[in-house]
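Notes follow the structure.
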Amino acid sequence: MMPGSAIGRHLVVEDRENRLQQDASSLCINKVEYGDKKIGFITSGICYQYVKEAFPNASVLKLGLVNPLPKKLIEEFAKNVQTIYVIEELEPVIEEQIKSWGINVKGKELFTKQGEYSSNMLKKVISGKDDKVFAKSESPNRPPILCPGCPHRSVFSVLNKLKIHASGDIGCYTLGAVAPLSVIDTTVCMGASISMLHGIEKAKGKDYIKNWVAVIGDSTFLHTGINSLVNMVYNKSTGTVIILDNRTTGMTGHQEHAGTGKTLKQEETYAIDFRTLCLAIGVKNVVEVNAFDVKELEKTIKESVNNDVLTVIIARAPCALLKGQVFPNKCLTVSENCKKCGMCMKIGCPAITKNEDGTINIDSSACNGCGLCLNYCKFDAIKKVERV
Amino acid sequence: MKEMNIMVVGVGGQGTLLTSRIIGKTALNCGLDVKLSEVHGMAQRGGSVVTFVRFGEKIYEPVVEEGSADMIISFEKLEAKRYAHFLKKDGIIIVNDCKIEPMTVVIGSAEYPKNIIEDLSKEHKVYSIDGKKIANELGNPKVLNSVVLGFAAKYIGFDKKDWLNTVEMTVPPKTIEINTQAFNKGYGE
C-alpha cells in the first residue's frame, strides 16, 4: 500500500471492525451453554476443554472469535450469571477488554500468567479441591541428547577439547549446551549465533573472541544466518562461524531446505552451495571439513580462531537419522584394554555406558558406528568392526 | 465402559508414541470418545517422553492430570518412577523391566535409583514384564512396544480381536506378523 492511501483505507478497516463486532454476537462460533447460573466461564480454545472437565455443570460462553469480542452476547451472559471467570492462558487479553466495559469478571487476580492451564488448576483455585493423591518423587533428569552417530557431537567434542565457547542457534545442536559437551553459551533465536559473535567482537574486541565461535545449522543458516554474516563482512568483523551442515532440517523432522537439492515435494532442484554463497558475500576464508575428521577439524578451528580474518568453516556429514543412511560399521569394546579412564564418556554418546566394574559397554543396537569414540580412547580399548 | 486415563511413558525412540496411537485407535473403533496428546520434537532424541490417552463416553481435556491416571504404561523403570504421582489412588503401573541410564547418570552427576519396582510396589499395584527379552527371543528387538502393549491390553480391556485389528492397521505392513506374535506373547499366549 502506498503511504498516501493508508489514511483513506483506515476508514474501510474501521467500518469492517464495527460490522464484525455487531455480527460477532450472532455468530454460531460464539456460543452460550447455560447450566448452573451461579458460576459461569468466558473462555476459548483449549481452555474450554479444561473448564468442561473441571466444571461440567457450569454456564459457559465459548468464544470462537476473540477479536472483536461479541459485546452484546457477553453483556447478556453477565446479566444471567452470578460469578464469571475469564479463563485464558498467558496475558489477560479477553479479560481486560471485558473489564473495560464495566463488567465484573474474575481473571488474572486468581489465575497464573505462567504456562499451560489444566482442569486440576482450575478446581484448585476456584473450589480449593485438589485431585492429587501421591507426592512427586525425586528422579534424575533425562534431558534429550544428540543421537548416536550425530555429526554435531564430533564438532562439539573438538570445541570442548579446545575449551572454546560457542554462541549457539536453534536446532538439534542447541543440545551442545548440556553436559558433558557443554560448549554452547548462548541461544536466543534463529540466526542469533552469528549476530551475537559479531556483537561480542564489536563490544569486546577481536582478541576477546579468540576462544569463541558461532555454530549454526545448514537450514538455520539459510533461514536467517546469511543476513547476519553479511553484516559481519560489511562491518569488518573477524571471527569464526561454523556451519554444522548435516544436509537437512534435523530437529523438526527432516524437512528439505534450499541447500539439499530437493523441494518439499521431493522434486530435484538447485542446491545452494554454501561455499560459493559465502565467497559471494565477501567472506575471504571458507573451509570445508568432514565433520567426523576430528584431527582436521581441530587444526582448522585452531588456525581460524587465531586468525584476524572472518572465517566460515563448513563441517559436513549427514544427520544419523536421515532416510537412506546406511551404517556399515559398529564399535565394540576391547575390555582387556580398557583402563576405566572415562575419556570416551566425555563425548556424551548414549550408546556408551559404564559396566559395574568401571569398564565401558557399547550398546551395539544403539551404536551407529561413527567411530568418534575411537579418537578419544588412548588405549585401543574400542575397535570399529563391520556390521554383519 | 467407564472412562479411562492412560499414560504411556518411556525414553525417546522406544515406540511409546505408536503404542499410544494403537490404544487410542482401539478405543475409537469400539465406539468411544478419545483424546490423545503427545510430546513432539525432541521425542526421538533420547529424552523422557510422555503421551496421554483418554477415552470414555465424552472426553474433554486431552491430558491426564496428577491424581487421575488409571494406568501408567512405562517402557523403562526410571520413567515409571518419574510419573507415578499421576496415578489415582487405585491406579496401576505396567512396567517394562528395563534400565536405560540417562546422560545425567552416565556422566556421574546423578545416581540411578535402586529397587524402583520394589519401591513402587509399596504404594501401587505394579505389573512388570521383561519386554526386551521376549522381543529378542522373537528375533526383533524393535517389537518391544507390541510385547508391552499386549501385556497392558489385558488390564485395559476390549476384546483381543479388537486389539489385533488395530495392530494390523497401524504397524508397517511388512511387520504385521512379527508384531502380532509380539502382542500375543505379551498378552500371555
Side-chain angles (χ1 to χ4, degrees), chain A residues 46-54 56 116-124 129-148 150 172 174-175 178-182 250-254 320-321 342 345-346 348-354 360-361 363 365-366, chain B residues 10-13 35 37 39-49 54 58-69 76-91 99-113 116 119-120 123-124 132 136 141-142:
Chain A
I46 186 70
C47 289
Y48 168 80
Q49 311 293 348
Y50 301 144
V51 167
K52 291 297 277 187
E53 189 75 38
E116 290 179 9
Y117 283 8
S118 67
S119 64
N120 236 358
M121 185 278 267
L122 297 183
K123 274 190 261 183
K124 237 188 280 179
K129 205 181 135 221
D130 192 351
D131 286 345
K132 212 170 154 175
V133 191
F134 300 104
K136 191 179 176 188
S137 68
E138 283 295 312
S139 301
N141 282 342
R142 189 188 298 276
I145 28 175
L146 296 172
C147 307
C150 174
C172 286
T174 313
L175 294 172
V178 293
L181 294 165
S182 313
M251 191 177 74
T252 50
H254 294 133
L321 295 180
M345 313 282 287
K346 289 194 171 174
C349 176
I352 307 177
T353 51
K354 228 176 222 169
I360 61 143
N361 173 52
D363 178 353
S365 69
Chain B
V11 178
K35 287 245 165 93
S37 62
V39 187
H40 275 296
M42 287 300 188
Q44 249 177 323
R45 313 291 183 266
S48 165
V49 174
R54 302 188 64 210
K58 174 73 191 161
I59 299 294
Y60 290 105
E61 189 175 9
V63 298
V64 177
E65 304 237 10
E66 289 181 18
S68 67
E76 199 270 352
K77 288 191 286 187
L78 176 59
E79 297 313 303
K81 175 175 154 65
R82 189 185 314 282
Y83 295 104
H85 66 287
F86 275 77
L87 284 173
K88 273 181 184 165
K89 196 165 161 278
D90 51 357
K99 171 182 172 180
I100 300 175
E101 291 188 350
M103 197 46 71
T104 46
V105 170
V106 171
I107 62 170
S109 70
E111 207 174 311
Y112 195 95
I116 292 178
D119 284 352
L120 286 172
E123 267 190 316
H124 314 281
K132 192 176 172 182
N136 282 339
K142 283 186 180 164

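Within every chain, numbering begins at 1; the chains are lettered A, B, ... in the order of the sequence lines, protein sequences first and strands thereafter. Bear in mind the structure is a predicted one, so any value in this text is a computation, not a measurement. Only heavy atoms go into these numbers, but all of them, side chains included; no hydrogens, no water, no symmetry mates.
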Supply the atom-to-atom distance [X] [atom1] to [Y] [atom2], rounded to the nearest 0.5 angstrom.
X: A:K52; Y: B:Y60; atom1: NZ; atom2: OH; answer: 4.0 Å
X: B:L120; Y: A:S137; atom1: CG; atom2: OG; answer: 7.5 Å
X: A:S139; Y: B:Y83; atom1: OG; atom2: OH; answer: 9.5 Å
X: B:F86; Y: A:K136; atom1: CZ; atom2: NZ; answer: 7.5 Å

A:C349, part contacting chain B, at a heavy-atom distance under 4.5 Å
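The backbone, not the side chain.
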Under 4.5 Å from any heavy atom of chain B, what part of A:A179 do you find: side chain, backbone, both or neither?
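It is both, since atoms from each part get that close.
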Is there a donor-acceptor pair under 3.5 Å between the side chain of [X] and the backbone N or O of [Y]?
X: B:E101; Y: A:T353; value: no
X: A:N120; Y: B:E66; value: yes
X: B:K81; Y: A:E138; value: yes

Take atom [atom1] of [X] as the centre, draw a 6.0 Å sphere, and report whether it contains more than 12 heavy atoms from other residues, nucleotides or ligands.
X: B:K142; atom1: NZ; result: no
X: B:K88; atom1: NZ; result: yes
X: A:K129; atom1: NZ; result: no

Would you call [X] and [Y] a side-chain contact if the rule is heavy atoms closer than 4.5 Å?
X: A:P180; Y: B:M103; value: yes
X: A:P140; Y: B:E111; value: no
X: B:S48; Y: A:P143; value: no

Whether the A:S118 and B:E61 side chains hold a donor-acceptor pair (N or O, under 3.5 Å, no angle test) is what I'd like checked.
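Per modelled atom types, A:S118 and B:E61 side chains form no pair under 3.5 Å.
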So, are A:E53 and B:R54 salt-bridged, with charged N and O less than 4.0 Å apart?
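Looking at B:R54 together with A:E53, the answer is yes, because their closest N to O distance falls below 4.0 Å.
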With a 4.0 Å cut-off, would you call A:R142 and B:E76 a salt bridge?
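Answer for the salt bridge query: yes.
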What residue in A:I352, A:N141, A:D131 has the most heavy-atom pairs under 4.5 Å with chain B?
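Greatest number of close heavy-atom pairs with chain B: A:N141.
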If every non-hydrogen atom of A:F134 is compared with every non-hydrogen atom of B:A84, which pair is closest and at what distance?
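Looking at all heavy atoms of both residues, the shortest contact is CD1-O, 4.3 Å.
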Under a 4.5 Å cutoff for heavy-atom pairs, which residue among B:L78, B:V63, B:I59 has the most contacts with chain A?
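Highest number of heavy-atom pairs under 4.5 Å: B:L78.
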Tell me, for [X] versus chain A, whether the close heavy atoms (under 4.5 Å) come from the side chain, the backbone, both or neither.
X: B:K58; value: neither
X: B:I100; value: both
X: B:E123; value: both
X: B:V105; value: side chain
X: B:L87; value: both

